[in-house]
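Letters A, B, ... mirror the listed sequences (proteins, then strands); counts begin at 1. Keep in mind it's a predicted model, so treat the numbers as computed, not measured.
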Amino acid sequence: AQRVTQPEKLLSVFKGAPVELKCNYSYSGSPELFWYVQYSRQRLQLLLRHISRESIKGFTADLNKGETSFHLKKPFAQEEDSAMYYCALSGPRGTYKYIFGTGTRLKVLA
Amino acid sequence: NAGVTQTPKFQVLKTGQSMTLQCAQDMNHNSMYWYRQDPGMGLRLIYYSASEGTTDKGEVPNGYNVSRLNKREFSLRLESAAPSQTSVYFCASTPGGVVYEQYFGPGTRLTVT
């Protein structure tokens, strides 16, 4: 069964420290993976997706098929990064379904 | 473009009451979705509509019905609200196909007492 696991409910780091938000997935085939972010009192928005391989707001994520992971990383956390982060998996193709993880709340402390 | 809009923003219902949550998108997207967001549970798919004229159940469809009124609008109905349906409901849309990102509405916060 397809599944997305985000093992940390809450991650607290100090400003300037590196950040890694973990995401593991279970999927047979080639997955399409996304990270969404929800800032306080705002709607969910796409942060990045593995297919585009771009860096947004200093965040990057690499798909590791061997470890079935898609961890989100940033070398130096900023206070404005404090938000809820969701890892999501789409597919299989033709189903139009997306599966979200349970989310990780990131708190960046001054 | 307004993107994805939802009404109402907040609602309080009594157990057994019914209501419809409205969602509309102006991006000419084919696919639309309804999720509920609960603490510790993430986003769970209630129903989705791959294209106009089709609807399918998601992970947690019990207690809900949907209508894809036209390409723009996708409504979610609670026929007999229960306290377990207290949640934040999000509507989303995509151009169609799972390679695309989802565009989310602002959410509806529903409390059932």
Side-chain angles (χ1 to χ4, degrees), chain A residues 1-10 21-25 27-54 56 61 63 70 83-105, chain B residues 2-7 9-10 23 25 27 29-61 66 68 74 87-109:
Chain A
Q2 297 146 31
R3 188 182 303 124
V4 175
T5 303
Q6 294 181 252
E8 304 138 329
K9 285 187 177 180
L10 173 65
L21 300 170
K22 291 184 167 48
C23 173
N24 289 91
Y25 66 90
Y27 184 81
S28 55
S30 295
E32 303 285 350
L33 285 152
F34 306 81
W35 275 99
Y36 286 83
V37 61
Q38 186 179 27
Y39 300 103
S40 179
R41 301 187 184 279
Q42 294 188 27
R43 64 185 74 191
L44 280 91
Q45 57 186 287
L46 179 72
L47 181 61
L48 54 80
R49 53 187 150 184
H50 93 274
I51 197 169
S52 61
R53 302 184 66 81
E54 56 187 342
I56 305 292
L63 177 60
F70 188 56
M84 193 74 174
Y85 291 81
Y86 290 97
C87 183
L89 168 70
S90 70
R93 299 198 182 202
T95 66
Y96 296 88
K97 282 186 178 178
Y98 294 77
I99 299 160
F100 283 80
T102 51
T104 297
R105 181 167 297 283
Chain B
V4 180
T5 57
Q6 292 182 237
T7 55
K9 290 188 177 179
F10 301 95
C23 173
Q25 52 90 10
M27 297 174 284
H29 285 174
N30 288 315
S31 303
M32 298 185 73
Y33 302 77
W34 276 105
Y35 294 91
R36 59 178 291 172
Q37 183 186 43
D38 301 292
M41 308 284 287
L43 274 86
R44 292 182 291 169
L45 182 64
I46 304 171
Y47 271 94
Y48 66 103
S49 170
S51 60
E52 186 179 356
T54 69
T55 60
D56 285 285
K57 295 178 180 179
E59 183 184 354
V60 288
V66 290
R68 184 74 184 266
F74 188 40
S87 187
V88 181
Y89 292 85
F90 287 99
C91 178
S93 70
T94 73
V98 291
V99 298
Y100 297 101
E101 71 177 276
Q102 293 202 301
Y103 293 80
F104 284 86
T108 294
R109 187 174 294 275

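By the ring pair (Phe, Tyr, Trp, His ring centres under 6.0 Å) test, B:Y47 pairs with no residue at all, sequence neighbours left out. Shown here are the ring pair (Phe, Tyr, Trp, His ring centres under 6.0 Å) partners of A:Y85, two or more places apart in sequence or in another chain: A:F59.
Of the listed residues (B:S51, B:P39, B:G42), the greatest number of heavy-atom pairs within a distance under 4.5 Å of chain A belongs to B:G42. Ranked by non-hydrogen atom pairs under 4.5 Å with chain B, the options A:R105, A:K9, A:R43, A:Q42 are led by A:R43.
If you measure heavy-atom distances from A:Q38 to chain B, the contacts under 4.5 Å come from the side chain alone. In this structure, the portions of B:L43 lying under 4.5 Å from any heavy atom of chain A include both its backbone and its side chain. Proximity to chain A (any heavy atom under 4.5 Å) is shown, for B:Q102, by both the backbone and the side chain. Interface remark: B:Y103 contributes no atoms to any contact with chain A (heavy atom separation under 4.5 Å).
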Show, in sequence, the C-alpha distance, side-chain angles and deciding distance for B:Y35 and A:Y98, and conclude whether the ring-ring contact (aromatic ring centres under 6.0 Å, His included) test is met.
CA-CA 10 Å; B:Y35 294 91; A:Y98 294 77; 7.7 Å; no
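Counting non-hydrogen atoms of neighbouring residues, nucleotides and ligands closer than 6.0 angstrom, the CZ atom of B:R44 exceeds 12 such neighbours.
Atom CZ of A:F100 is separated from atom CD of B:E59 by 11.5 Å, given to the nearest 0.5 angstrom. To the nearest 0.5 Å, the span separating CD on B:E101 from CG on A:L47 amounts to 11.0 Å.
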